[in-house]
Structures are given as C-alpha cells and as structure tokens.
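All remarks here apply to the structure that follows.
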Amino acid sequence: MKRVDVADKELAYKEAIEKIEQVKREVGRYIVGQKDIIDTLVLTILAGGHALLEGLPGLGKTMLVRSLSDVMELSFSRVQFTPDLMPTDITGTMVMSHDKDEPFTFHKGPLFHHLVLADEINRSTPKTQSALLEAMAEQTVTVVGETMKLEKPFFVLATQNPIDLEGTYPLPEAQMDRFMCKLLVPHPQKEELKEIVRRTTGTEEIHLQSVMDRAELLGIQKLVKEIMVGDEVLDFAIFLVESTHPDRESSSELVKRYIEYGSGPRGLQNLILMAKARALVSGRYHVSIGDIKHTALPVLRHRISLNFEAEAMNVKEDEILMDLIKRGAGS
C-alpha cells in the first residue's frame, strides 16, 4: 500500500511540474521577456502569497497579471487605484433592495475574485490601501460588522510606480509585509522592444489558452507545503532574516550602518514557502541552500527599512542582502 502511495505521490509531482511549465510557456507567448519576473510570480502563486510589482508605467505589469489569470482559469478583477478611491469601492457595500424582508443587500466588490489586480496601488490614499489588509492576511472581508470569507485561491498582485514619482503614497510597513515578495520590473532590452512593437502594432492577435484550473492549482499548493526543509537549510534562512536587524551579533557592518529595522517572522515564513515552491518546480522533494539564496531578494527587500544615511549614500536593499547571502554561504 505504501509503495502505491509513493508512486501516486511521484506522479502528482511530475504532473504538477509539467503544468507549471505549460503555464510559463503560455504566458511567454504573450509577454515579451521578463522571464525572471514570470518565474517568481508563478512561485508566489504556488506558495499562496501576494506580490508587489514595482516599475515605471508601460512595462507590461498589468498585462502580465491578466495573462496569468487567463492561463490559470482564475476569476479576475482589476482595481485602478486613484486618490478618490474609497474602501467600499474595493470591498463592496450595502445597497437598497426592493425586498421588504431584506431592505438592504450586499453588493460584492472586486475583492471577491480569485486574482485581484491592484493597479498603481500607491496612487491611492492610505485609508483605501488599508482596505486590502484584512483580505490579504485573513482572506476575509468585513462590511457593516459582517465578516465574509473569500473563495480560495485568493491572490492580490499589485503594481506601483517608484515612490519618488509625483502623486504617490508610499505603502505603510504593515501593508508591505503582507506581500510575500516585491519584484522590480526592469526596462526591456533593445531586442525585446522590437518584439513588443511587432506583437502590439500588427494585425495578429494572440489568444491565450487555459492550461490549469482552480482545483489543480489548489492541489499544487498542497504539494508545495509537503516539501521538506532540513535543519541546515532552515538555519541558513534564519541567519538571513536575523542578520537584517542591526542589533544582532550576526549583523554585518553594512546592516549596522544603513538599516533602521529588519524583517519580522513573516519574512522567514514566506522565504521558506517560496523556497519550497522553487524546489517543487525544480523537481526536488527538499529545499536547498540555493533555493533560499534565489528567493531571498524578492522576499526580504521590502521588509527592511533603510535609514537616512543609506538614502544619502544611495545604498539599496539588494546590495545589503547580497552581502548577507555571501556571508551566510561562507560561514
């Protein structure tokens, strides 16, 4: 009986890997370049987390998220964040009804979908941004004292412009911590720009095919959690997170000089989950040190706060994290 269970498990892993590769290939038919961004976004979804994409307008962030919803057969909603957007525009509100027994009925907002695109999230006020907190953390929405559960799977993929642009409201630390990872979307290379123009200015239309449904995604998410983590790998992950705090013995000179405060426990949890997802995609049943190294930047870069000296010296989060990764690997 156990042999049958092992065989079934191996088959489930193999099928999961094939499905994931199909998702990436299908999205790649429409999105030019951005391979690393697509890979990390897929890992985030498999790990059950939310992602924040930062980049200048026109880099294809919105279309990338929409493409993922089409390929994975996830119900999709898009919210354009603006300064006048209200919390009830996201969560939904009570509206008057003609029914005498129920004079008010709840009209669901865009949060009641599997994949929610919060477009240009930092163009809305903190009051509206905070309306996402409960949904992202608890997968519930509370309106007029009534709490309603959101259907699984539920993801928030948000985009934002760099915070130094006009008309933006930097996300508060509590909200940033709800995102499993933060991705920096680069500007396309010369050849990629050519291909973008060919695909978007001609007569050919690309229709994406669905290659994964909701039940399959939920099954793969379960497999991700079953991936094993050894003590040595866990210790390395703990070292990275602990070393982001300037008051720890393991902290480097860069950390002590430039970081105001470091990552909390949620950073460690998300780092392990992302590493598990990468191990699964790589065809392994256990997490490696390499998985931790690969996922550390997107998971931790938005969980450390730089001080004024770092900003004055133009020191970036990734520079400090790369130094910690090298120190941890050499110890």
Side-chain angles (χ1 to χ4, degrees), residues 16 19 23 41-53 65-66 68-81 85-97 99 101-119 121 124 126-159 171-181 210 212-226 264-267 269-270 272-274 276-277 299:
K19 281 288 182 180
V23 167
L41 264 185
V42 170
L43 291 181
T44 306
I45 291 176
L46 297 180
H50 313 287
L52 177 64
L53 292 86
V65 176
R66 187 182 292 273
L68 283 171
S69 71
D70 291 340
V71 173
M72 293 184 173
E73 270 190 16
L74 299 174
S75 65
F76 174 81
S77 68
R78 176 180 180 271
V79 181
Q80 181 64 51
F81 279 67
L85 190 72
M86 299 298 292
T88 52
D89 295 328
I90 302 173
T91 60
T93 186
M94 303 298 291
V95 297
M96 294 187 66
S97 171
D99 191 338
D101 297 328
E102 295 185 19
F104 292 94
T105 58
F106 178 66
H107 179 73
K108 292 182 178 181
L111 277 183
F112 288 85
H113 287 81
H114 296 135
L115 195 154
V116 179
L117 170 59
D119 213 357
I121 188 173
S124 189
K127 179 180 180 180
T128 302
Q129 292 174 4
S130 64
L132 288 173
L133 277 175
E134 180 187 358
M136 293 174 66
E138 310 295 336
Q139 296 194 3
T140 59
V141 171
T142 302
V143 179
V144 197
E146 182 181 356
T147 300
M148 291 157 281
K149 276 193 166 292
L150 299 172
E151 186 180 31
K152 294 182 179 182
F154 173 75
F155 309 103
V156 173
L157 301 185
T159 70
L171 294 176
E173 289 78 8
Q175 175 109 17
M176 290 290 286
D177 197 41
R178 303 296 180 182
F179 288 101
M180 178 171 282
C181 63
S210 171
M212 182 186 296
D213 58 28
R214 172 175 167 267
E216 290 172 327
L217 176 56
L218 290 173
I220 295 175
Q221 287 181 335
K222 184 177 179 181
L223 290 178
V224 167
K225 292 185 176 181
E226 294 175 358
R266 191 178 286 115
Q269 293 169 327
N270 290 345
I272 294 299
L273 284 172
M274 281 285 285
K276 284 188 173 187
V299 171

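In terms of modelled atom types and a separation under 3.5 Å, the side chain of R78 and the main chain of P110 share no donor-acceptor contact. Remark: the backbone N or O of V224 is not paired with any side-chain donor or acceptor of K276 at under 3.5 angstrom. Within the 3.5 Å criterion, the main-chain N or O of S124 finds a donor-acceptor partner in the side chain of Q129. At least one donor-acceptor pair closer than 3.5 Å links the side chain of H50 to the backbone N or O of V156. H114 places no side-chain N or O within donor-acceptor distance of the main-chain N or O of P153, the cut-off being under 3.5 Å.
Looking at heavy atoms from C-beta onward, I121 lies in side-chain contact with L132 at the 4.5 angstrom threshold. Between L52 and M176, some side-chain heavy-atom pair lies under the 4.5 Å cut-off. Contact of the F154 side chain with the L111 side chain is registered, since non-hydrogen atoms from C-beta on lie closer than 4.5 Å. The side-chain heavy atoms of I90 and V141, taken from C-beta on, include no pair separated by under 4.5 Å. Residues F179 and T44 have side chains not in contact (no heavy-atom distance under 4.5 Å, counting atoms from C-beta outward). Looking at heavy atoms from C-beta onward, F155 lies in side-chain contact with L74 at the 4.5 angstrom threshold.
With rounding to the nearest 0.5 angstrom, the CE atom of M72 is 4.5 Å from the CD1 atom of I45. The NZ atom of K19 lies 13.5 Å from the CG atom of L46; values are rounded to the nearest 0.5 Å. With values rounded to the nearest 0.5 angstrom, K225 atom NZ is found 14.0 Å from I272 atom CD1. Of the inter-residue distances, the one linking K152 atom NZ with R214 atom CZ reads 10.0 Å to the nearest 0.5 angstrom. To the nearest 0.5 Å, the span separating CG on L273 from CE on M180 amounts to 5.0 Å. How far CD of Q221 is from CG of L217: 4.5 Å, rounded to the nearest 0.5 Å.
The side chain to side chain donor-acceptor pair (under 3.5 Å) search around E138 returns none, not counting sequence neighbours. With sequence neighbours left out, R266 forms a side chain to side chain donor-acceptor pair (under 3.5 Å) with D177. Scanning for side chain to side chain donor-acceptor pair (under 3.5 Å) contacts around Q269 gives an empty result, with sequence neighbours left out.
Heavy atoms only, all atoms of each residue included: L150 and A135 are closest at CD1-CB, 3.8 Å.
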Can you check side chain to side chain contact (heavy atoms under 4.5 Å, CB included) on V79 and D89, steps first, answer last? CA-CA 9 Å; V79 181; D89 295 328; over 6 Å; no
